[in-house]
Amino acid sequence: MLSTFLLPLLALANINVSASPLAARSIAARSTTPVVATWYAGWHTTDGFPLSSISWDKYNTLYYSFAETTQNGTSLSLAASDGEMLPQFVSEAHAHGVEAHIAVGGWTGSVWFSSSLATAKNRTAFVQTVVDFALQYNLDGIQFDWEAPNNQGIGCNTISVNDTANFLAFLQELRHNPVAAKLTLSAAVGLTPFFNATGSPSTDATGFANVLDYVAVMNYDVWGPWSSTVGPNAPLNDACAAPANQQGSAVSAVKAWTDAGMPVNQIVLGVASYGHSFSVPPSNAFMSDAKTLAAYPAFNASNQPLGDAWDNTGSVDVCGVYEGPGGTFNFWGLIDNGFLTKEGTPADGIHYRYDTCSQTPYVYNETSQVMISFDNVQSFAAKGEYIKNTKLRGFSMWEAGGDYHDMLLDSIIDAFGCS
Ligand SMILES: *[C@@H]1O[C@H](CO)[C@@H](O)[C@H](O)[C@H]1NC(C)=O
Ligand SMILES: *[C@@H]1O[C@H](CO)[C@@H](O)[C@H](O)[C@H]1NC(C)=O
Ligand SMILES: *[C@@H]1O[C@H](CO)[C@@H](O)[C@H](O)[C@H]1NC(C)=O
Ligand SMILES: *[C@@H]1O[C@H](CO)[C@@H](O)[C@H](O)[C@H]1NC(C)=O
Ligand SMILES: *[C@@H]1O[C@H](CO)[C@@H](O)[C@H](O)[C@H]1NC(C)=O
Ligand SMILES: *[C@@H]1O[C@H](CO)[C@@H](O)[C@H](O)[C@H]1NC(C)=O
């Protein structure tokens, strides 16, 4: 159901798309329209989530993911994302009054960001690459998903102590381009501002606030199979957790970014329609009462469970390194695999705990010894409330295809939009 607040917002989006001379507006004068967004993973087009499955009428922005950086900086690659679908994605978005953006980079596609922005000459070339790409596909916006400046991501990214300074210089040059001046520019970012030359979060993000329309904080993967214990994938808060378990949250991220000068209405909260799984023996899974699930139990890292049908048993990544199963369960995958009912409630025989600090749920199958921390309708409602009360710009969900019958999406829209 379309909530009422979305109607004027969609009308605005329509104007934005059809009548473009919003040109050369200063960032301060730019739209403050709420962002109701999702990332569309291009590679799932042919894997159960075609364009026709998108609930276009509930969003005003979609990011096609990903155009990956390339070694020569003069092109972006859609090879891993069924790029042949991008033109249809854009025309369907526009037919629904939705802004169509490209997300550039991503976890596997950020290898050549640093080198592409390393010198003035390379930055100028990359500005042209991005602008040409936007024109070629008739895009309304570009999102930079660099994971992450001066902070090695997947393991073989080009990297420099000057990454954050070069990123800002690039964005300033891009903003001066007459085509890019009309685009919505954003960045998908971590829980703290970009790293400065000594590898600490920058204390001043005002330069980025002046050139980006907004940042989308990727508040997920905070805990996962790489962590030392089970923990929340997407904590709303962690100030209430023991100090050792304060690994970041929506609350800490908003504080870190606003302390560095990013206005709250330029912060979009990234939310997750998936969770991470862990192999936890029953001896670790419960509190001493043997009924309540433990909060941060140890897990068996040598026994990563396979996730849902979108997971795979393992593959070689862009760095040439073999990676086993990710263990990710989308919200629909939790239902498919018997953890949740079709109503999104815990299935019979499944242990359940809602962590009131992180405001996220856990499920546990004692027989298979699989524990999953994820998001449900209740945790999405808590995040929507937080966005409304904190006056953030909106939300974006990774990923569009993770939801089940829009249960999560409807929950966060209702909480965010209906005061
Ligand atoms: C740049 O790389 C892309 C693919 O990564 C290739 O298609 C293109 O021809 C290359 N351009 C130049 C000038 O080398
Ligand atoms: C600039 O880009 C070229 C490719 O066009 C690349 O070979 C070179 O390494 C880049 N410069 C730096 C300093 O990374
Ligand atoms: C970083 O930038 C400074 C100032 O522009 C420059 O002197 C230095 O050589 C750069 N370092 C690297 C590793 O690119
Ligand atoms: C980076 O940030 C840290 C922490 O705020 C600060 O101590 C350091 O001086 C900064 N380094 C640079 C090069 O700005
Ligand atoms: C962890 O899993 C591996 C692989 O299944 C298994 O061989 C090992 O016994 C497990 N360790 C514990 C402590 O259960
Ligand atoms: C728990 O896991 C076992 C073993 O994989 C499976 O047979 C059972 O159906 C699962 N329980 C539920 C409620 O899904």
Side-chain angles (χ1 to χ4, degrees), residues 69 73 110-126 146 148-152 156-173 194-200 202 204 207 224-230 275-286 291 293-294 296-309 311 313-314 322-353 361-374 376 404:
T69 58
S110 294
V111 175
W112 305 106
F113 257 125
S114 181
S115 58
S116 296
L117 306 187
T119 64
K121 185 164 169 269
N122 283 12
R123 288 192 289 275
T124 299
F126 201 61
W146 182 354
N150 193 25
N151 185 7
Q152 184 55 261
C156 59
N157 290 345
T158 55
I159 184 165
S160 161
V161 294
N162 290 339
D163 279 347
T164 294
N166 291 343
F167 192 17
L168 180 57
F170 161 77
L171 290 170
Q172 288 166 340
E173 184 174 342
F194 305 123
F195 278 15
N196 71 10
T198 41
S200 301
S202 308
D204 183 3
W226 54 87
S227 303
S228 55
T229 67
V230 175
H276 288 295
S277 66
F278 307 83
S279 175
V280 182
S283 53
N284 294 349
F286 298 101
K291 286 196 190 93
L293 291 180
Y296 296 94
F299 64 96
N300 185 348
S302 329
N303 192 25
Q304 176 59 52
L306 184 63
D308 64 27
D311 198 9
T313 52
Y322 177 80
E323 303 284 354
T328 299
F329 283 86
N330 290 281
F331 189 60
W332 57 258
L334 288 156
I335 294 163
D336 264 16
N337 286 275
F339 293 95
L340 300 179
T341 68
K342 285 184 158 47
E343 287 71 49
T345 55
D348 279 349
I350 293 295
H351 297 273
Y352 176 83
R353 169 175 176 267
Y362 293 69
V363 285
Y364 181 59
N365 180 331
E366 193 172 350
T367 311
S368 64
Q369 307 191 2
V370 174
M371 185 177 286
I372 303 169
S373 65
F374 66 107
N376 64 5
Y404 182 77

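Every number for a ligand or one of its atoms is a count from 1 in the order of the listing. Note that this is a predicted model, so its numbers are computed, not measured.
- Within the structure, ligand 5 has S302 among the residues with a heavy atom less than 4.0 angstrom away.
- Side-chain atoms of T328 and D311 include no donor-acceptor pair closer than 3.5 Å.
- When ring centroids are compared, F286 and H351 come within the 6.0 Å threshold.
- A pairwise comparison of heavy atoms in V370 and S277 identifies CG1-CB, 4.0 Å as the closest pair.
- Looking at atom 8 (C) of ligand 5, its nearest protein heavy atom turns out to be N300 ND2, 3.7 Å.
- Protein heavy atoms are found inside the 4.0 Å sphere centred on atom 2 (O) of ligand 3.
- Considering only non-hydrogen protein atoms, atom 10 (C) of ligand 3 sits nearest to N162 ND2, 2.4 Å.
- In this structure, atom 5 (O) of ligand 3 has no protein heavy-atom contact shorter than 4.0 Å.
- The protein atom (non-hydrogen) at minimum distance from atom 14 (O) of ligand 6 is G338 O, 3.5 Å.
- Side chain of T119 to main chain of N122: a donor-acceptor pair is present (N/O by atom type, distance under 3.5 Å, no hydrogens or angles).
- Distance alone, capped at 3.5 Å, places no donor-acceptor pair between the Q369 side chain and the P282 backbone.
- At a distance under 4.0 Å, a protein heavy atom can be found next to atom 12 (C) of ligand 3.
- Counting the atoms of ligand 6 from 1 in the order shown, those under 4.0 Å from a heavy atom of D348 are 13 (C).
- No part of A347 comes within 4.0 Å of ligand 6, judged by heavy-atom distances.
- At under 3.5 Å, a nitrogen or oxygen of N365, whether backbone or side chain, sits near a nitrogen or oxygen of ligand 6.
- In summary, the aromatic rings of F329 and F339 are positioned with their centroids under 6.0 Å apart.
- No heavy atom of V370 sits closer than 4.0 Å to any atom of ligand 6.
- Ring to ring, F126 and F170 are close: their centroids are under 6.0 angstrom apart.
- The only member of F299, Y296, W226 that meets ring pair (Phe, Tyr, Trp, His ring centres under 6.0 Å) when paired with F278 is F299.
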